[in-house]
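Below: one structure, written as structure tokens.
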Amino acid sequence: MKIDTEYIKLDSFLKAVAAVGSGGEAKIRIVDGEVRVNGERELRRGRKLRPGDRVELADRIYEVE
């Protein structure tokens, strides 16, 4: 997904790419340790993603552009 700002927060990114249906679902999946950023488990909803970051959830990989 291409962003037009310096960064996007992880929970917002998951909603934007339709990996989750709501912010509540994003929060649960992040806190439960289901999300990886650049290969490492990420537990912070507000993690700032920048172009080049890769997000993994449920065997799918999303790249920030």
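Start at 1 with the first residue, then count along the sequence.
- For the residue pair V37 and E42, the shortest heavy atom distance occurs at CG2-CB, 3.8 Å.
- Within the model, atoms CD of E25 and NZ of K27 stand 13.5 Å from one another, a figure rounded to the nearest 0.5 Å.
- Heavy atoms of other residues, nucleotides or ligands lying less than 6.0 angstrom from CZ of R41 number 12 at most.
- To the nearest 0.5 Å, the span separating CG on L49 from CE on M1 amounts to 9.5 Å.
- K15 contributes atom NZ, which lies 10.5 Å from atom NZ of K9 (distance to the nearest 0.5 angstrom).
- A side-chain contact (heavy atoms from CB on, under 4.5 Å) with V55 is found for exactly one of L10, V17, N38, namely L10.
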- Task: Decide salt bridge (Lys or Arg N to Asp or Glu O under 4.0 Å) for E65 and K2; before the verdict, give the C-alpha distance in whole Å, the side-chain angles of both, and the deciding distance to 0.1 Å.
- Result: CA-CA 4 Å; E65 298 177 10; K2 184 169 176 52; over 6 Å; no
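- Residues R44 and I30 form no side-chain contact, since every pair of their non-hydrogen atoms from C-beta on lies 4.5 Å or further apart.
- Put simply, the side chain of E6 reaches to within 4.5 Å of the side chain of R50, judged on heavy atoms.
- Atom-to-atom distance recorded for R36:CZ and E56:CD is 7.0 Å, nearest 0.5 angstrom.
- Here the closest non-hydrogen pair linking P51 and I3 is CD-CD1, 4.0 Å.
- Environment of CZ in R54: sparse, with no more than 12 heavy atoms of neighbouring residues, nucleotides or ligands closer than 6.0 Å.
- Under the side-chain hydrogen bond (donor to acceptor under 3.5 Å, both in side chains) criterion, D11 pairs with no residue at all, not counting sequence neighbours.
- To the nearest 0.5 Å, atom OH of residue Y62 and atom CG of residue L14 are 8.0 Å apart.
- Taking CG from D53 and OH from Y7, the interatomic distance works out to 13.5 Å, rounded to the nearest 0.5 Å.
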